[in-house]
Amino acid sequence: MWIAGCVCLAFVVAVSALPQEPKLGSARVVFQTNYGDIEFGFFPSVAPKTVEHIFKLVRLGCYNTNHFFRVDKGFVAQVADVVGGRSAPMNEEQRKEAEKTVIGEFSDVKHVRGILSMGRYSDPNSASSSFSVLLGDAPHLDHQYAIFGKVTKGDDTLIKLEQLPTRREGIFVMPTERITILSSYYYDIEIDTCEDERSILRRRLAASAVEIERQRMKCFP
């Protein structure tokens, strides 16, 4: 009986020692791509400065007309840096925010499928606007890149992206077709509970993305 009790206690201790995924905040961001929508939730308790920076970029429309430049099946789908990745020109306010960098908020959260992880150069504090969506487990990235959120809806879209034809350029596996982020929007699940209102917002943003592209073509035929 004593042995069984010890085994049970050891099991409880082992389970409690397992790393727990941090709690998601109530904010959500949706990227509307030409292959479907992807919704993201965020970990403000893990990477507060990174999350705040991403929110500002979204609210300014910086990711609109940007794209996923990398899709490595089972590894990552990576969003391009908006300064060079957008097809539409940037205004002064957008460029100012997009050129900012954030400190490396590294944590014990694991790189598993669906996690959002900031891209950076060799400088640990060089993250700006490029980030990866994990398409599989990548423990070798743990503690090296700042995790700031996860996919909350849209795994079906990620599967579509993984099925696209690709080409290799150096270390990067890149889609042969452009995966455009037509538009993006932010909402709060604790405030914006009306699906009809969100549907109207999505339609307006999609129309806005079309207009942005039309203006871009006029400026850069």
Side-chain angles (χ1 to χ4, degrees), residues 19-33 37-72 75-86 90 93-155 158 172 179 181 183-191:
Q20 298 294 312
E21 185 177 280
K23 183 179 179 180
L24 284 171
S26 59
R28 296 290 184 271
V29 163
V30 178
F31 278 6
Q32 297 178 295
T33 81
D37 293 0
I38 311 172
E39 180 186 277
F40 307 124
F42 301 89
F43 301 138
S45 63
V46 172
K49 293 185 182 299
T50 302
V51 171
E52 181 183 7
H53 178 60
I54 295 295
F55 285 172
K56 287 181 180 177
L57 291 171
V58 171
R59 286 181 173 129
L60 289 171
C62 292
Y63 286 104
N64 298 351
T65 76
N66 195 25
H67 68 122
F68 285 83
F69 82 92
R70 178 184 188 186
V71 179
D72 197 337
F75 182 36
V76 297
Q78 188 169 355
V79 177
D81 187 294
V82 301
V83 174
R86 281 171 52 105
M90 301 182 76
E93 187 177 13
Q94 288 173 328
R95 183 172 293 278
K96 182 178 179 181
E97 188 63 35
E99 290 178 344
K100 290 181 180 178
T101 56
V102 290
I103 62 171
E105 297 178 298
F106 309 120
S107 67
D108 292 330
V109 184
K110 303 301 182 183
H111 282 78
V112 297
R113 184 178 177 87
I115 282 293
L116 309 182
S117 179
M118 289 300 287
R120 64 173 177 85
Y121 296 105
S122 57
D123 181 350
N125 301 317
S126 61
S128 56
S129 59
S130 177
F131 66 88
S132 294
V133 179
L134 271 291
L135 300 176
D137 297 352
H140 63 287
L141 301 181
D142 292 347
H143 304 108
Q144 304 298 316
Y145 296 87
I147 288 174
F148 64 96
K150 64 180 287 187
V151 173
T152 49
K153 293 179 183 177
D155 194 62
L158 295 182
F172 297 118
I179 304 168
I181 301 167
S183 60
S184 59
Y185 65 95
Y186 165 103
Y187 75 99
D188 193 304
I189 60 174
E190 293 182 356
I191 300 173

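We're numbering straight along the sequence, starting at 1. None of these values were measured; they are calculated from a predicted model.
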Nearest heavy-atom approach of Gly85 to Ala80 is CA-CB, 4.1 Å

Would you confirm whether the ring centroid of His140 sits within less than 6.0 angstrom of the ring centroid of Phe75? yes

Could you pull out every donor-acceptor pair under 3.5 Å between side chains of residues 46-54 and any protein atom, sequence neighbours left out?
| from | atom 1 | to | atom 2 | distance (Å) |
| --- | --- | --- | --- | --- |
| Thr50 | OG1 | Glu105 | OE1 | 2.7 |
| His53 | ND1 | Glu97 | OE2 | 3.1 |
| His53 | NE2 | Ser128 | O | 2.7 |

Apply side-chain contact (heavy atoms from CB on, under 4.5 Å) to Ile179 and Phe69, showing your working. CA-CA 7 Å; Ile179 304 168; Phe69 82 92; over 6 Å; no

OG/Ser183 to CD/Gln32 distance, rounded to the nearest 0.5 angstrom? 3.5 Å

Say you draw a straight line from CZ of Arg95 to SG of Cys62; how long is it, rounded to the nearest 0.5 Å? 10.0 Å

Please report the C-alpha distance between Leu116 and Val133 in whole Å, then the side-chain angles of each, then the deciding distance to 0.1 Å, and finally whether the side-chain contact (heavy atoms from CB on, under 4.5 Å) criterion is met. CA-CA 5 Å; Leu116 309 182; Val133 179; 3.8 Å; yes

Hey, what do you get for CD1 (Ile181) to CZ (Arg86), rounding to the nearest 0.5 Å? 10.5 Å

Arg70 side chain to Asp72 main-chain N or O, any donor-acceptor pair under 3.5 Å? no

Using every non-hydrogen atom in the two residues, find where Phe43 and Lys23 come nearest and quote the distance to one decimal. CD2-O, 3.8 Å

Answer yes or no: is there a side-chain heavy-atom contact under 4.5 Å between Val79 and Asn66? yes

Can you see whether Phe40 has Arg28 sitting over its ring - NZ or CZ less than 6.0 Å from the centre and within 45° of the normal? no

Is there a donor-acceptor contact under 3.5 Å from the side chain of Ser26 to the main chain of Glu190? no

Would you check if there is a donor-acceptor pair between the side chains of Gln94 and Tyr63 at a distance under 3.5 Å? no

Could you tell me whether the side chain of Phe131 reaches within less than 4.5 Å of the side chain of Phe148, counting heavy atoms only? yes

Any salt bridge linking Lys150 with Glu21? Criterion: basic side-chain nitrogen under 4.0 Å from a carboxylate oxygen. yes

Give the minimum heavy-atom separation between Leu134 and Ser117, together with the two atoms involved. CD2-CB, 4.0 Å

Would you say the rings of Phe31 and Tyr185 are close, in the sense that their centroids are separated by under 6.0 Å? no

Just checking, any donor-acceptor pair under 3.5 angstrom between side chains of Asn125 and Thr101? no

Identify the two heavy atoms, one from Ala98 and one from Val82, that lie closest to each other, and give their separation to 0.1 Å. CB-CG2, 3.4 Å

Could you grab the distance from atom CZ of Phe106 to atom CG of Asp142, nearest 0.5 Å is fine? 12.0 Å

From OG (Ser129) to NZ (Lys56), nearest 0.5 Å: 14.5 Å

Identify the two heavy atoms, one from Asp37 and one from Thr33, that lie closest to each other, and give their separation to 0.1 Å. OD1-N, 4.3 Å

Hey, are Ser130 and Gln78 close enough side-chain-wise for a donor-acceptor pair under 3.5 Å? yes

Does atom NZ (Lys96) have a neighbourhood of more than 12 heavy atoms from anything else shown, all under 6.0 Å? no

Quick one: are Ile115 and Lys110 in side-chain contact, heavy atoms under 4.5 Å? no

side-chain contact (heavy atoms from CB on, under 4.5 Å) between Ile38 and Lys153, worked out: CA-CA 6 Å; Ile38 311 172; Lys153 293 179 183 177; over 6 Å; no

Residues Arg113, Asp155; criterion salt bridge (Lys or Arg N to Asp or Glu O under 4.0 Å); working and verdict: CA-CA 10 Å; Arg113 184 178 177 87; Asp155 194 62; 3.1 Å; yes

Would you say the ring centroid of Phe42 lies under 6.0 angstrom from that of Phe55? yes

Minimum side-chain heavy-atom gap Val151-Leu158 below 4.5 Å: yes

Worked verdict on Val30 versus Ser184 for side-chain contact (heavy atoms from CB on, under 4.5 Å): CA-CA 5 Å; Val30 178; Ser184 59; over 6 Å; no

More than 12 heavy atoms from other groups under 6.0 Å of CD on Glu93: no

How long is the span from the OH atom in Tyr186 to the CG atom in Asp188, to the nearest 0.5 Å? 5.0 Å

